[in-house]
Amino acid sequence: MAGLNLKHIYKVYPNGTKAVNDFNMEIEDKEFIVFVGPSGCGKSTTLRMIAGLEDISAGELTIGDMIVNDVEPKDRDIAMVFQNYALYPHMTVYENIAFGLRLRKMPKDEIHRRVTEAAEILGITEYLSKKPKEMSGGQRQRVSLGRAIVREPKVMLLDEPLSNLDAKLRTQMRAEIAKLHAKLNTTFIYVTHDQIEAMTMGTRIVVMKNGFVQQIDTPKNLYVYPANKFVAGFIGTPQMNFFEGTLKKKGEEVEICFDYSDAKVTVPYSMLYKVRPSFLNGDKKVYIGLRAENISLNRDEVKNSKTKIKVKVSHKEELGNQTLVYGDINMDGDGYTESSTRIIIEAGSDVELKAGDILDAALDMNKVHLFDKETEDSILPRIPEYNFVDCSVKGGLLTFLENSIQLPPAITCGDGKYELLIPSDAISFGGNIEVNVASSEVINGKILVSFEVGGRRMFAVSEGEIKKGKKKISIDLKRISFLKDGETAVSAMPDKVVMKGRLIKEKVVEEVEKDGRTKKAKVVKFFLGIGDAKFAAPDDTAKKLISAMGVKKAFTEELRYECGPYDLKFADNGISGEAVNTADYGKEKFSEVKIGGETAYIYTEEEREGAVHLVPDIDKLAVIMAEKDIRII
Ligand code: ADP
C-alpha cells in the first residue's frame, strides 16, 4: 500500500518524440486513478515509467517514501496487468499464478495460500488445474489479474486490461475490477482510451492530450466542470453539443446568440459573474456547450422555459429507454453532419416526431458551458484566475468600482481608461477596500471567496474561510496589470527571475581520509554555473542533470534557472549584474537587475545602483534544459 508522487515528469523518446510533458500529480494511498485520453496522448508511457519499464527523462517519481527513478521494476513493489494477458500456454492456471512467486523462491505453503486466496477473490478456483487455452478471454484476464494480486504489490498498474474483451464482458469485468480494488485496499492506476471505463472506475481521472495533462479531477467534476472544450467533448456520451456564438450584456441580463441561426436566449448576468467582461460585448467568439440531457423537448418544460430555441428535426436514434433526437438550429442545416449548428437532444422514449418537424427546445442554461473560441479554455472556470474590472487612472490615482488607490511609484501608468487585471490570489482579507462577502466555498482544496464591491462581483482565493458580510480587502499591487484595447499597457512585476548557465565539472584538491590518515587527493566536484558565477551543486542535482542530458551533453547544454524575486540575496560575491532601477511598490521594494540579457526583479530593503552580486537559494531554484524546455529540478 502506497501513495505516489509524480513531480515534473517528462518522457522524450530517443527519436525526439516528447511523449509526456511536465506531469505533476500526487496520488494518495488506495486511490483508483485512471489515465484517459485518445491514442498516442502519453498515458501508457506514463504508466510504463511508473512501472520502471521506460526510463524517466526528467522529473522525480516517488512510490511510498522512496524515490524510484533508478530502482529496477522488480524492486518497485508494483504489479502490472497488460491488455494481452501473456499467460504461459503450457502451464496450468495455478502454475501461471504461482510462477512469479516461485521465481522469488517463496515457501510452497505461502504460495499455495496466496494462489488459492486470489483464485477465490477472482472466482476462478474451479479452473486452477486447467490450461489457459481452455478458458475464455475474460477468464484469462482474471488469471493475469491473479498473477498480479498474489504479489501483494503496493501499487497495481493496469494497461487497457479489458480492450480484448467483448462489450458485455467488459462491463462485467469493470465492476469486478472496481470490487477488487475495494477488497485489496491497494493503489490502482488504470490506463484506458474509453471514457466510460474511466468514469465508472476512477476515484480521480487524469485526462491527457498530446502528452499534456488537461485536467485531473473526480468523474463528477470532470463532467460538470470541464476545464476546456477538449475535456468537455471527451467526457460524456453523446458528445456535448458545441455551438459557436457570442455573448452580449444588456443591463443585468446577457443575451447569448447562436451563430448561423436565429437562435438566441437571455440569461441573468449573475450566472456569468465569472466571465471576463471583454467576452460580453457581443464580438468575441465563444463555444456554447450544452449536453443532450440539458435540452428538453418535453411540452410542459418547453412551455415553462424562458430559454428556448427552434430546432429542425432530422432523425432520431432509439436507444430503448431514451431517444436521441438529431436536428439543426439552422433551418437550412441537415442535422446529420457534425457542425456548429447540429444539435443532439435526449428525449424520453415516448417522443413523437418526424424528420422535418420544427420544434421548440428548452435549454437548461444553468448547465451551460462556455469556452473561449481561440484558446478553447472555459470562460466559466470554477476558480477564476483573474478579476477583470474597468478602471481609470489620473495623476497616479487608480479608480475602480467606486474605490480609489494611490498607485505606488513603481507603477507608471498614463492617465486614461483601462481594463484592470487583478489575480484572484493577489487579494487578501484585511486592508482598506470595503467589500461585501457573498459566499465562500471550498473547491479542490482551495477556498474561493465571492464578494461585491462597487456593484460588481469579484473573486478571491483565500487561505481560510471568510464569513459573509462586510469585510475589507487589500490588493498586492505588484501583481496587477492594465490593458488598453486588449493589449497590455502596464504589466505586473515579473514573478520569475530567469538566468542562464551550464553544469560545470572540476577536479579539486581536497583532504580525504584514507586508512585512518588524512591525505590530499583530487576529487570531482560539480557546480551550477549561473551567469558568470558558480555554486556547488548538490550531488543529487548533478546526478539528475547528468542522467537527463547524458554524460556527453551534460556540460555543454545550456541550462535555464528560474526562481522567485525573494530567492536571491545581494552579496559581496556571486552572479554579477547591474542594478538599473528600484521598483517601489510601497510596502516592498524590488531592485531591477540586468543579468545577462534578462531583467530580474529582486526583493531588496535598500535602493541599489550599478554593479551588484547575487547568491541564489539553491533549494528554490528550478533548473531547466533550455533547448528542450524540460524541467529537471
Ligand atoms: P497512449 O498510451 O496514450 O496511446 P503512448 O504513451 O503509447 O500513448 O505514446 C505517446 C507518444 O509517444 C505517441 O506519439 C507515440 O507514438 C510515442 N511513442 C511511444 N512509444 C515510443 C517509442 N518507443 N519510441 C518513440 N516514440 C514512442
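Computed from heavy atoms alone, side chains included, the values below leave out hydrogens, waters and symmetry copies. Keep in mind it's a predicted model, so treat the numbers as computed, not measured. Note that ligands are numbered from 1 as they come in the structure, with each ligand's atoms numbered from 1 the same way.
In this structure, a donor-acceptor pair under 3.5 Å is present between the side chains of E318 and T323.
A salt bridge links K544 with D540: the distance from a Lys NZ or Arg NE/NH1/NH2 to an Asp or Glu carboxylate oxygen falls below 4.0 Å.
Counting atoms of ligand 1 from 1 in the listed order, those under 4.0 Å from a heavy atom of N15 are 25 (C), 26 (N). Atoms of ligand 1 found under 4.0 Å from any heavy atom of C41 (numbered from 1 in listed order, with element): 1 (P), 3 (O), 8 (O).
Here the heavy atom of the protein found nearest to atom 26 (N) of ligand 1 is Y13 CD1, 3.3 Å. The protein non-hydrogen atom at the shortest distance from atom 4 (O) of ligand 1 is G40 N, 2.6 Å. Atom 12 (O) of ligand 1 has as its closest protein heavy atom A19 CB, 3.4 Å. Summary of contacts: the protein heavy atom closest to atom 7 (O) of ligand 1 is S44 CB, 3.9 Å.
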Could you please spell out the steps behind the side chain to side chain contact (heavy atoms under 4.5 Å, CB included) verdict for V34 and F32? CA-CA 7 Å; V34 181; F32 194 133; 3.9 Å; yes
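Exactly one residue among N5, I78, V71, T187 makes a side chain to side chain contact (heavy atoms under 4.5 Å, CB included) with I63. That residue is I78. Under the side chain to side chain contact (heavy atoms under 4.5 Å, CB included) test applied with E346, the options N294, I295, L319, L324 reduce to a single match, L324.
Ligand 1 does not have G37 within reach: every non-hydrogen atom of the residue lies 4.0 Å or more from it.
Within a 4.0 Å radius of atom 16 (O) of ligand 1, the protein contributes no heavy atom.
The proximity of T45 to ligand 1, defined as any non-hydrogen pair under 4.0 Å, involves the side chain as well as the backbone.
The number of heavy-atom neighbours closer than 6.0 Å to NZ of K525, taken from other residues, nucleotides and ligands shown, is 12 or below.
Seen from the ring of Y326, K316 does not count as a face-on cation partner, given the 6.0 Å and 45° thresholds.
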